[in-house]
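To start, the structure under review is shown below, and the notes come after it.
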There are 6 protein chains.
Amino acid sequence: MSDAFFHPVSGFDLPRFAGIPTFMRLPHVPPGHARFGEVDIGLVGVPWDSGTTNRPGPRHGPRQLRDASTMIRAQHPLSGLRPFEAVKCADLGDVGPNPADISESMERITAFYDQILDAGIVPLTAGGDHLTSLPVLRAVAKSGPVGLVQFDSHTDLYHSYFGGTMYTHGTPFRRAVEEELLDPKRMVQVGIRGTMYDSEDMDFARANGIRIITIDEFFARDINDVMGEVREIAGSGRTYVTYDIDFVDPTFAPGTGTPEVGGPNSYQALQVVRGLAGLDIVGADMVEVSPPFDASGGTAFLGASIMFELLCQIVQSGQKG
Amino acid sequence: MSDAFFHPVSGFDLPRFAGIPTFMRLPHVPPGHARFGEVDIGLVGVPWDSGTTNRPGPRHGPRQLRDASTMIRAQHPLSGLRPFEAVKCADLGDVGPNPADISESMERITAFYDQILDAGIVPLTAGGDHLTSLPVLRAVAKSGPVGLVQFDSHTDLYHSYFGGTMYTHGTPFRRAVEEELLDPKRMVQVGIRGTMYDSEDMDFARANGIRIITIDEFFARDINDVMGEVREIAGSGRTYVTYDIDFVDPTFAPGTGTPEVGGPNSYQALQVVRGLAGLDIVGADMVEVSPPFDASGGTAFLGASIMFELLCQIVQSGQKG
Amino acid sequence: MSDAFFHPVSGFDLPRFAGIPTFMRLPHVPPGHARFGEVDIGLVGVPWDSGTTNRPGPRHGPRQLRDASTMIRAQHPLSGLRPFEAVKCADLGDVGPNPADISESMERITAFYDQILDAGIVPLTAGGDHLTSLPVLRAVAKSGPVGLVQFDSHTDLYHSYFGGTMYTHGTPFRRAVEEELLDPKRMVQVGIRGTMYDSEDMDFARANGIRIITIDEFFARDINDVMGEVREIAGSGRTYVTYDIDFVDPTFAPGTGTPEVGGPNSYQALQVVRGLAGLDIVGADMVEVSPPFDASGGTAFLGASIMFELLCQIVQSGQKG
Amino acid sequence: MSDAFFHPVSGFDLPRFAGIPTFMRLPHVPPGHARFGEVDIGLVGVPWDSGTTNRPGPRHGPRQLRDASTMIRAQHPLSGLRPFEAVKCADLGDVGPNPADISESMERITAFYDQILDAGIVPLTAGGDHLTSLPVLRAVAKSGPVGLVQFDSHTDLYHSYFGGTMYTHGTPFRRAVEEELLDPKRMVQVGIRGTMYDSEDMDFARANGIRIITIDEFFARDINDVMGEVREIAGSGRTYVTYDIDFVDPTFAPGTGTPEVGGPNSYQALQVVRGLAGLDIVGADMVEVSPPFDASGGTAFLGASIMFELLCQIVQSGQKG
Amino acid sequence: MSDAFFHPVSGFDLPRFAGIPTFMRLPHVPPGHARFGEVDIGLVGVPWDSGTTNRPGPRHGPRQLRDASTMIRAQHPLSGLRPFEAVKCADLGDVGPNPADISESMERITAFYDQILDAGIVPLTAGGDHLTSLPVLRAVAKSGPVGLVQFDSHTDLYHSYFGGTMYTHGTPFRRAVEEELLDPKRMVQVGIRGTMYDSEDMDFARANGIRIITIDEFFARDINDVMGEVREIAGSGRTYVTYDIDFVDPTFAPGTGTPEVGGPNSYQALQVVRGLAGLDIVGADMVEVSPPFDASGGTAFLGASIMFELLCQIVQSGQKG
Amino acid sequence: MSDAFFHPVSGFDLPRFAGIPTFMRLPHVPPGHARFGEVDIGLVGVPWDSGTTNRPGPRHGPRQLRDASTMIRAQHPLSGLRPFEAVKCADLGDVGPNPADISESMERITAFYDQILDAGIVPLTAGGDHLTSLPVLRAVAKSGPVGLVQFDSHTDLYHSYFGGTMYTHGTPFRRAVEEELLDPKRMVQVGIRGTMYDSEDMDFARANGIRIITIDEFFARDINDVMGEVREIAGSGRTYVTYDIDFVDPTFAPGTGTPEVGGPNSYQALQVVRGLAGLDIVGADMVEVSPPFDASGGTAFLGASIMFELLCQIVQSGQKG
């Protein structure tokens with residue numbers, strides 16, 4: 001039988017609106033906590049948006065995601081999986097960035113994730129803007145480049161912004177490829193859309209063998225077919241999953257900084273994660289949830305629901321072997 | 001020719017934003033009114049949410065639904081039906097609950113509906129949370145169990161909450177089956193989804209022959225096919241239709257207390273009601289509209305639009321015989 | 001003992017959030033109703049904003065004011081007056097304007113008020129933009145010019161707008177003086193402020209003996225002193241009171257179209273009405289409440305609270321003689 | 001090489017949140033400007049809603065559309081078209097209506113568009129309510145009736161409102177047919193839905209050969225099939241495209257005055273414009289965006305995204321010949 | 001030197017928007033925690049609103065107050081007091097109510113506070129509606145009746161609601177007097193205002209020697225003078241302070257269920273607490289903060305700021321002896 | 001007679017809701033424009049918030065301030081001054097920062113202001129967070145230290161944040177004193193309040209002779225008396241005025257990142273600027289308006305109203321000599 005310490009607080013014991021909000025009502029087990037070493041999957045907040053070039057706000061994401069995640073219950077509706085009984089999950093707390101210093105923040109984040117990975121914990125991150133993925137990948141890919149499944153409306157593959165600024169939320173995966181954290185042949189980006197500055201990012205993708213599935217292709221094909229190709233590209237190697245909430249149509253997820261109309265609905269937002277079954281997921285993130293643009297919390301609730309799907313995939317990923 | 005007393009105020013006589021808002025701009029004919037006995041279909045508000053275990057608010061539902069319903073016009077766009085000319089409809093007013101006493105409130109509600117049913121009026125209710133359906137069914141099913149078509153993201157079939165609390169918005173249909181108000185073989189629930197506490201409700205459904213069509217099945221099948229099965233289950237007997245607004249995706253209906261992402265859109269929300277043609281509908285309700293979570297009134301306008309579809313089905317249901 | 005028909009529904013019988021919302025939960029007694037002739041004070045909605053030159057919305061005012069007014073209880077906190085027992089009050093419904101025809105709308109409004117005044121009812125109006133006061137005054141001042149107490153941040157004394165447009169919400173009192181509906185010597189405007197186009201309105205006021213008390217003078221003097229002067233100007237003759245919600249600081253009343261910062265707070269908003277004791281009030285209005293700019297309803301609740309104060313003044317005005 | 005004067009300000013030079021917001025960050029070139037004569041496509045605001053019979057607000061549309069349009073970038077994601085390099089586009093400013101005089105406003109608008117058309121500029125208009133299209137068509141169709149593609153949930157073909165009011169946002173295309181500005185045989189309306197007053201508009205359409213594709217037909221058929229028929233009806237003649245934002249489901253576009261639930265999503269909202277390829281478009285408009293009902297700006301961002309699609313169609317329309 | 005374990009997380013170590021939100025960023029020390037016995041002042045959430053007769057929502061209060069309280073820093077601006085260094089403060093977590101059972105909830109609450117008081121901790125409570133104070137007082141006043149300072153717009157001294165319902169947020173202090181938890185001669189209520197049902201509560205107050213300072217008296221007198229009288233009434237005995245956020249004007253605190261216009265501003269809201277210096281405060285609460293009516297969190301930030309003032313008074317109260 | 005080119009567009013020619021929004025509807029005269037050299041007072045936007053340590057957003061300030069400022073008319077209500085006729089005012093556009101590089105942004109800003117000052121233009125800035133004032137002062141104080149009048153709830157005199165970060169919105173005036181841009185003996189800060197990290201900023205102020213008038217002193221004294229002292233401190237030398245919108249109570253100005261409750265109301269917000277008459281104002285700014293926290297625009301309208309008061313003071317400052 002599973003360890004009750006790692007079970008979420010039940011809504012039958014303490015109503016869902018009550019209690020200090022941790023991710024999915026899990027115990028708070030920061031590095032240094034006596035039971036840190038036992039954790040299998042660690043939920044981490046990275047309240048940071050210094051890479052944002054347009055509308056800031058994702059620094060407030062983790063708190064709103066925690067709040068919304070208290071609505072998540074214990075069992076998956078389709079598979080019947082009860083992830084919190086299957087493995088030990090915990091809220092590891094937030095990494096504290098320096099909101100006025102990008103380099104220092106990136107170092108702090110990588111250092112925090114080094115601790116997590118050293119303890120054998122698979123990280124499930126709540127960002128933060130999309131630059132968050134870069135310092136996380138620096139820890140995750142320490143032992144070699146990983147594959148990437150990216151749900152997003154933007155490629156985030158630009159070389160630089162504003163005449164040479166290298167670290168923004170539009171550049172993380174360009175940097176990650178350059179730093180050999182990612183294997184471009186095992187990278188796939190799904191949902192790309194919206195007006196473009198130019199084709200520089202697309203050219204880079206093409207030159208490096210990164211597969212881009214635009215929203216037009218996504219809607220034209222069957223979703224199972226698309227996800228089959230995604231799984232094929234990622235293959236059996238270690239794979240990181242990054243989920244930018246702006247993948248979803250902004251009507252379903254208004255709380256984000258760079259919306260692009262014409263995206264998937266909330267059911268498709270879940271389906272794509274369910275389509276990852278069988279991958280070897282070594283980490284995942286949910287980024288770009290920006291509370292100032294959705295005080296209602298609806299975006300965060302969708303984000304938390306997707307995080308639950310990601311969590312279930314990680315659990316099943318681990319059970320595979 | 002139909003009786004002008006029962007016609008809604010026209011937007012050409014009094015602009016739609018003007019006037020004291022009754023349901024669909026119908027006359028206010030409470031019990032005791034001289035013409036109460038003539039009413040065929042009665043729209044009733046039940047401003048009550050004492051069964052709510054999480055986020056309260058549906059007690060404010062009837063007023064916002066009335067306001068939004070003043071945007072409804074006289075003719076159905078597809079069928080051309082002009083329901084207010086076909087039969088006599090009226091706003092019967094609200095049942096006054098005691099917000100601090102669940103039992104007393106249930107008694108008040110059943111008593112009010114007894115009056116309505118004694119007068120031969122078919123009730124179309126604006127809730128209130130989903131517990132509302134129970135005291136209404138106690139009146140509706142006085143002469144024997146009825147069938148149930150339920151649009152919802154939750155089964156509301158739980159045994160109890162918080163260690164033994166029997167009357168909440170998560171338990172009404174469990175109680176109704178136990179009280180033999182419903183015939184479980186003629187019950188069908190459409191749209192069920194979201195993370196679950198456990199499978200206790202599903203087990204009860206299976207054990208009693210209640211048919212559950214999850215959202216995954218709903219989306220995988222053709223909607224006409226689904227509604228065909230629904231009609232078959234309900235059959236030709238007396239049937240009650242209950243519509244929880246959280247059946248619809250929360251982006252389309254954010255004004256509700258227990259949202260579950262990944263639901264139908266607003267067109268499908270109408271289609272399922274249109275798919276009820278031919279049933280013998282003896283009452284219907286629209287529940288869980290919670291104004292504090294959607295001050296814009298968009299949820300209420302969707303709710304009112306669905307109520308109009310329900311009304312048209314009741315009219316056609318009556319014309320059938 | 002007073003007639004229960006004219007008592008508001010009590011919150012102990014039907015909770016305040018329940019029921020079809022009439023003004024202050026009074027009975028709906030439109031012209032033609034059997035008891036219309038008995039009404040002493042009639043609350044009327046004028047959902048009309050065709051005079052608005054900037055941000056429209058007051059056409060939605062009466063409905064939101066009715067909704068908010070259901071929070072008003074039966075007794076005045078300071079005086080202990082129970083107005084609904086002292087005299088017979090009723091909601092007379094709305095005058096239906098033609099939103100696309102200013103002249104026709106003004107005629108409809110004046111005709112409706114003629115009915116009211118012929119029945120000996122004192123009208124308390126919920127607008128509508130400030131042009132509303134003009135057609136009302138045409139009925140009220142049929143027997144001769146009346147005095148005017150105006151709470152407002154603008155004089156509404158301009159000659160015309162947009163090169164010759166004579167009927168806007170910036171011109172009603174210019175027209176009313178020209179039409180001899182108002183006695184300029186018995187006119188006083190309180191709270192005037194904000195940047196100005198020019199001094200044309202001020203010049204007209206000065207030339208005609210209209211007294212303007214700017215917000216600067218208002219704050220510099222004691223409020224009792226100011227209101228003493230107001231009463232002196234209005235004198236013992238028939239007086240109309242017009243209350244533009246933009247008199248109040250826009251933080252307290254954001255739901256309005258032409259806000260000016262730096263106004264009175266909500267307590268002062270009530271105090272000025274209490275300072276009218278002893279006047280012979282033959283009608284009053286609350287105008288420029290614009291729901292689209294305050295969906296929360298806070299502005300309307302303040303408006304309804306002020307209407308209750310106006311109502312109590314009218315009651316006491318009548319008892320005086 | 002294209003003229004840099006007519007290029008939008010790049011987000012790499014000035015962040016997208018910076019700068020005075022013109023349409024799509026284009027230069028402001030009003031009539032009278034030295035380079036007015038060079039403009040190929042002119043974006044124009046018509047901040048006017050005097051034709052609105054229910055909830056006003058579109059007078060604020062152009063400003064919010066300009067603001068949202070600063071998020072639009074230089075290149076179309078599917079076709080790769082860079083419209084601002086292909087032809088000379090500019091923001092021509094707003095036509096100033098008289099908000100209190102419908103006739104005068106229509107004259108001002110037609111006069112402004114006469115100037116535009118005399119200069120050989122194709123107008124892309126940001127309304128304003130749907131009555132806006134009428135005075136624009138009076139200029140556009142000076143040389144003879146044009147075809148019309150209309151995306152809308154309402155036909156706007158009514159004869160009159162409120163007992164004889166001829167100019168409202170429910171009547172523009174009735175008037176335009178009567179005035180022979182439109183060729184009814186080349187008119188097609190897509191997306192019609194919602195409860196109806198009666199069938200008077202439909203009868204007029206049928207009698208005149210105007211093709212109406214209801215939302216039910218739209219959803220039942222393949223969108224490419226629908227748009228093929230649309231192109232066939234419009235044919236090779238001069239065609240005007242009018243896009244009422246209420247064509248889109250109100251969840252995706254809440255900022256509008258007369259919403260009807262059950263409409264297309266935001267991807268379909270773009271697809272229908274892409275389906276116009278090959279038409280000879282002589283003008284287009286985006287109307288009924290009403291900021292007071294969506295302060296978040298999401299509706300305006302969708303509207304601006306659709307305007308970009310319309311702009312690209314006009315560019316390609318011009319390149320065709 | 002003070003114990004760092006009990007210091008709030010500094011904004012220089014972890015930005016204020018980061019981290020799991022406890023009250024004022026204090027450590028979470030629930031009953032059972034190893035250091036529970038060391039706590040001097042315990043901050044407790046009571047997420048409960050079953051006593052609410054009108055607009056529900058305060059059950060969500062503690063979470064929003066925790067979130068807002070992360071903006072509170074370590075030092076009082078006027079006195080220079082650093083309360084978290086002066087004594088040991090902690091977040092004791094929430095008491096879990098049964099939202100569908102009033103009696104059971106009251107028992108749970110009293111039991112929780114019995115634990116706190118047995119440990120010698122002074123409780124500072126975040127409600128919850130005003131009924132919260134009753135079960136808390138049952139624990140606090142176990143050793144004998146205490147004095148009461150109440151900031152409120154309502155007396156909450158009613159006998160019952162809805163024909164005999166004894167436990168609502170309008171009755172707690174009537175019950176507390178009856179149960180001899182409060183010494184009516186040492187009770188003072190400040191800020192009472194708003195329209196009234198009748199004078200039954202006022203009569204009870206007068207008959208029992210409870211001092212009521214209406215808002216009119218409050219504004220007419222100097223605030224120091226008022227607070228001097230308050231201190232005199234409370235005297236040197238054990239005193240409980242209850243602060244209903246609706247004491248403050250609803251413009252400053254819109255997030256509440258029963259607003260009354262015309263109240264104090266936010267500076268006065270702090271001043272009255274500063275005026276309590278010298279009292280022997282044995283417990284305090286902040287109640288009726290209702291997040292659904294203020295998603296912006298402004299009300300909660302004011303509530304948290306007042307809680308900090310209350311905390312400082314409790315600290316100084318303890319230091320006095 | 002004054003030059004019409006520099007007059008704002010009149011609301012009688014183009015309604016206030018129409019037109020591309022420049023500051024106060026002034027002409028857009030960026031550096032390089034033919035008439036740049038003629039400008040007396042230049043309104044400039046600095047859309048930049050890289051110094052924000054908590055809730056970001058002021059980068060969106062200039063656009064919302066421009067929008068709101070279109071409600072400002074031509075004449076001051078008290079003095080009758082018509083500033084746009086008295087001197088030549090223009091909107092100089094925005095300085096484009098690099099949102100991901102603080103140093104580069106500061107250099108860009110100073111360079112832009114050097115141009116302005118070289119042209120003899122007095123700058124009136126719309127920020128941006130409070131760090132904005134530092135690069136502006138580097139240009140303004142080129143010829144020697146200036147005096148400073150600061151309206152604010154924070155001193156912004158901290159040494160550094162997050163262990164050594166020197167440039168944030170909490171440090172600009174520390175830096176400016178160190179860089180000898182300001183004469184500390186001629187510095188006065190008004191409105192300081194809220195909980196504090198520690199007393200380090202206050203100690204610095206005391207040590208350098210900077211006068212701090214806390215909100216408690218402000219409210220305790222007469223405002224004219226306070227402003228008399230302010231004028232005395234600033235003296236007759238060159239003085240810069242910086243107005244942080246969080247000086248005002250957050251209920252009046254919710255759109256800001258670091259609110260502190262208990263501040264001045266909107267009338268006092270204007271009064272303090274009026275109290276600057278006679279100073280030699282060489283520049284002024286309005287900072288920390290953060291649109292994401294007030295989508296309604298009320299904060300920006302207050303900010304624009306204050307900017308008009310500042311503008312009038314600058315005009316009168318110039319006329320003095």
Side-chain angles (χ1 to χ4, degrees), chain C residues 8 10-18 24-25 68-85 222-224 248-255 264-274 294-309 311-312, chain E residues 52-57 153-155 158-165 168 170 191-203 212 214-220 246 248-268 290 292-296 298-299:
Chain C
S10 165
F12 285 172
D13 295 330
L14 189 70
R16 314 199 74 74
F17 49 78
M24 301 185 193
R25 311 188 97 194
S69 77
T70 61
M71 305 273 276
I72 300 296
R73 303 183 197 84
Q75 184 172 311
H76 192 280
L78 254 188
S79 67
L81 178 71
R82 298 179 69 81
F84 309 116
E85 296 173 12
D222 180 78
I223 196 168
N224 292 323
V248 191
D249 189 275
T251 292
F252 293 85
N265 65 26
S266 64
Y267 186 68
Q268 293 161 331
L270 304 179
Q271 274 185 303
V272 293
V273 183
R274 291 172 186 173
D294 186 6
S296 82
T299 304
F301 181 54
L302 176 58
S305 299
I306 294 167
M307 284 181 73
F308 181 79
E309 296 286 342
L311 182 81
C312 287
Chain E
T52 301
T53 54
N54 193 351
R55 308 190 307 171
S153 65
H154 311 95
T155 64
Y158 274 91
H159 176 267
S160 60
Y161 271 67
F162 305 110
T165 300
T168 80
I192 306 306
R193 66 182 182 275
T195 56
M196 299 160 68
Y197 289 114
D198 52 40
S199 302
E200 193 240 317
D201 57 339
M202 294 294 192
D203 296 344
I212 289 176
T214 66
I215 200 64
D216 304 293
E217 182 178 348
F218 180 84
F219 282 137
D246 71 24
V248 191
D249 188 274
T251 291
F252 293 85
T256 198
T258 318
E260 304 295 345
V261 304
N265 65 27
S266 64
Y267 187 68
Q268 294 160 332
S290 182
F293 294 96
D294 186 7
S296 82
T299 304

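Here the structure is a predicted model, which is why all the values come from computation and not from measurement. Lettering of chains follows the sequences in order, A, B, ..., and the numbering in each one begins at 1.
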Has E:Thr299 got a side-chain atom pairing as donor or acceptor with E:Gly255's backbone, closer than 3.5 angstrom?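 Yes, E:Thr299 side chain to E:Gly255 backbone: donor-acceptor pair under 3.5 Å.
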Short question: side chain of C:Gln268, backbone of C:Asn265 - any donor-acceptor pair under 3.5 Å? yes
With a 4.5 angstrom heavy-atom cut-off, is it the side chain or the backbone of [X] that approaches chain C, or both, or neither?
{"X": "E:Pro264", "answer": "neither"}
{"X": "E:Thr165", "answer": "neither"}
{"X": "E:Asn54", "answer": "both"}

Hey, does the Lys NZ or Arg CZ of E:Arg55 hover above the aromatic six-ring of E:Phe293, less than 6.0 Å from the centre and inside 45° of the axis?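 Pair E:Arg55/E:Phe293 counts as cation-pi.
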Have E:Ser199 and C:Gln75 got a donor and an acceptor in their side chains that come within less than 3.5 Å?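 Their side chains do contain a donor-acceptor pair, which is all the 3.5 Å distance test asks for.
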Largest heavy-atom contact set with chain E, pairs under 4.5 Å, which of [options]:
{"options": "C:Ala269, C:Gly11, C:Gly80", "result": "C:Gly11"}
{"options": "C:Ala253, C:Gly298, C:Ala74", "result": "C:Ala74"}
{"options": "C:Phe308, C:Phe252, C:Phe301", "result": "C:Phe252"}

Which one, E:Thr214, E:Thr53, E:Asp216, leads in non-hydrogen pairs under 4.5 Å with chain C? E:Asp216
Below 4.5 Å, heavy-atom pairs only: which of E:Phe162, E:Tyr197, E:Tyr161 has the largest tally toward chain C? E:Tyr197
Non-hydrogen atoms of chain E under 4.5 Å away: do they reach the side chain of C:Leu270, the backbone, both or neither? side chain
Charged N to carboxylate O below 4.0 Å: is that the case for C:Arg73 and E:Glu260? yes
What are the two closest heavy atoms between C:Pro254 and C:Thr251, and how far apart are they?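 Taking every non-hydrogen atom into account, CD-O, 3.7 Å.
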side-chain contact (heavy atoms from CB on, under 4.5 Å) evaluation trace for E:His154 with E:Thr258: CA-CA 9 Å; E:His154 311 95; E:Thr258 318; 3.6 Å; yes
